[in-house]
Amino acid sequence: MREILFRGKRVDNGEWVFGDLLHNCDCVKIRENEMEINRVARSFPVLPKTIGQYTGLTDKNGTRIFEGDVVKLFDIAIGGIVCECGAFGINCRQIDYDYLASEIASVTGCDNTPMFCRNDNFVSLWELYWNYNEENSEISVIEVIGNPELLKGD
């Protein structure tokens, strides 16, 4: 089962907090889900624009991939992780699908035709995971290079 986890920047000090997403009448909070013995879980108001859900996958360095992260796909594209039509993926300005196909062949040793939706400059994480024959929660062709703060003005 996939781990359900959210992150957001705290309103009071700007630090990232990870846990369960809580909606309240007057604010949005994240409650820490790492509980110690004899300690009550704490919750913190967070900036709504910084909230992102964990995709359930990690990058080539083992870093968790969250909605809103800035990622590098090989050395050909940089984009942001978004959730569209129920799927997490990379939203890039331009995607070279032919290059992706050649990389799939070289990495996997397969000469089958890679399957990509090829629309709206979006590559789903599932398509990358499936095409590259990944066997754990890591997508070895992606690297997280920043957080949502880097997307300002983009």
Side-chain angles (χ1 to χ4, degrees), residues 1-97 99-100 103-104 107 116-117 119-154:
M1 187 163 124
R2 181 170 75 84
E3 178 182 13
I4 306 298
L5 181 68
F6 290 86
R7 73 164 180 207
K9 268 194 165 183
R10 290 174 49 171
V11 171
D12 60 350
N13 63 12
E15 291 182 9
W16 290 101
V17 62
F18 300 83
D20 297 320
L21 186 64
L22 305 173
H23 288 271
N24 190 316
C25 293
D26 58 345
C27 70
V28 180
K29 296 181 179 182
I30 290 187
R31 181 182 67 207
E32 292 179 319
N33 58 3
E34 299 170 5
M35 304 221 351
E36 298 173 11
I37 297 174
N38 298 325
R39 189 180 128 204
V40 176
R42 300 177 300 168
S43 61
F44 302 96
V46 294
L47 299 168
K49 67 181 180 181
T50 66
I51 295 170
Q53 185 174 5
Y54 175 46
T55 63
L57 300 167
T58 59
D59 73 355
K60 67 181 187 177
N61 301 314
T63 303
R64 289 177 171 169
I65 302 171
F66 281 86
E67 181 181 15
D69 277 341
V70 178
V71 298
K72 182 169 32 171
L73 175 60
F74 292 111
D75 288 328
I76 61 164
I78 293 177
I81 298 294
V82 296
C83 185
E84 291 187 11
C85 300
F88 289 108
I90 304 171
N91 187 11
C92 299
R93 289 195 177 138
Q94 186 172 356
I95 299 168
D96 186 343
Y97 290 101
Y99 179 83
L100 284 178
E103 283 297 314
I104 289 169
V107 170
F116 290 105
C117 187
N119 67 349
D120 298 335
N121 296 328
F122 176 87
V123 175
S124 86
L125 296 182
W126 172 249
E127 289 173 328
L128 290 171
Y129 185 84
W130 183 82
N131 281 303
Y132 282 95
N133 298 326
E134 304 287 6
E135 295 183 4
N136 55 28
S137 65
E138 178 184 293
I139 298 183
S140 59
V141 298
I142 293 177
E143 180 178 16
V144 174
I145 61 170
N147 61 41
E149 295 297 298
L150 293 178
L151 291 176
K152 285 183 179 176
D154 221 357

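Bear in mind that the values here come from a model prediction, so they are computed numbers and not experimental data. All values below come from the heavy atoms of this structure, side chains included, with hydrogens, waters and symmetry mates left out.
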| task | Nearest 0.5 Å please: distance from the CD1 atom of Ile51 over to the CD atom of Glu67. | result | 9.5 Å
| message | Tell me whether Asn91 contacts the main-chain N or O of Phe122 through its side chain, where contact means a donor paired with an acceptor under 3.5 Å. | response | no
| note | Between Gly56 and Ser137 the two heavy atoms that sit nearest each other are O-CB, 3.6 Å
| field | Heavy-atom side-chain contact between Asp59 and Ile139 under 4.5 Å | value | no
| So which heavy atom on Val28 is nearest to which on His23, and how close? | CG2-ND1, 4.1 Å
| What distance do Glu15 atom CD and Lys9 atom NZ have between them, rounded to the nearest 0.5 Å? | 10.0 Å
| said: Minimum heavy-atom separation for Ser43 and Lys29, please, with both atom names. | reply: OG-CD, 3.7 Å
| remark: By side-chain contact (heavy atoms from CB on, under 4.5 Å), Ile78 pairs with (sequence neighbours left out) Val70, Lys72, Ile145
| message | So Ile81 and Leu125, do their side chains get closer than 4.5 Å, heavy atoms only? | response | yes
| task | Calculate, to the nearest 0.5 Å, the distance between atoms CZ and CG belonging to Arg7 and Asp69 respectively. | result | 4.0 Å
| field | Sequence-distant partners of Asp12, side-chain contact (heavy atoms from CB on, under 4.5 Å), two or more places apart | value | Arg10
| Is there side-chain contact between Val144 and Asn61, with heavy atoms separated by less than 4.5 Å? | no
| query | Below 4.5 Å, heavy atoms only, C-beta onward: do Leu73 and Ile142 meet side chain to side chain? | reply | yes
| task | Rounded to the nearest 0.5 Å, what's the gap from CD1 on Ile30 to CZ on Arg42? Could you check? | result | 13.5 Å
| field | Gap separating the CG atom of Leu128 from the CG atom of Leu57, nearest 0.5 angstrom | value | 10.0 Å
| query | When rounded to the nearest 0.5 angstrom, what distance separates CZ in Phe74 from OG in Ser140? | reply | 7.5 Å
| Is there side-chain contact between Arg64 and Leu5, with heavy atoms separated by less than 4.5 Å? | yes
| task | Using the six-membered ring wherever Trp is involved, compare the ring planes of Tyr54 and Phe66 and label them parallel, tilted or perpendicular (cut-offs 30° and 60°). | result | tilted
| note | Those residues at least two apart in sequence (or on a different chain) that pass side-chain contact (heavy atoms from CB on, under 4.5 Å) with Asn136 are Glu138
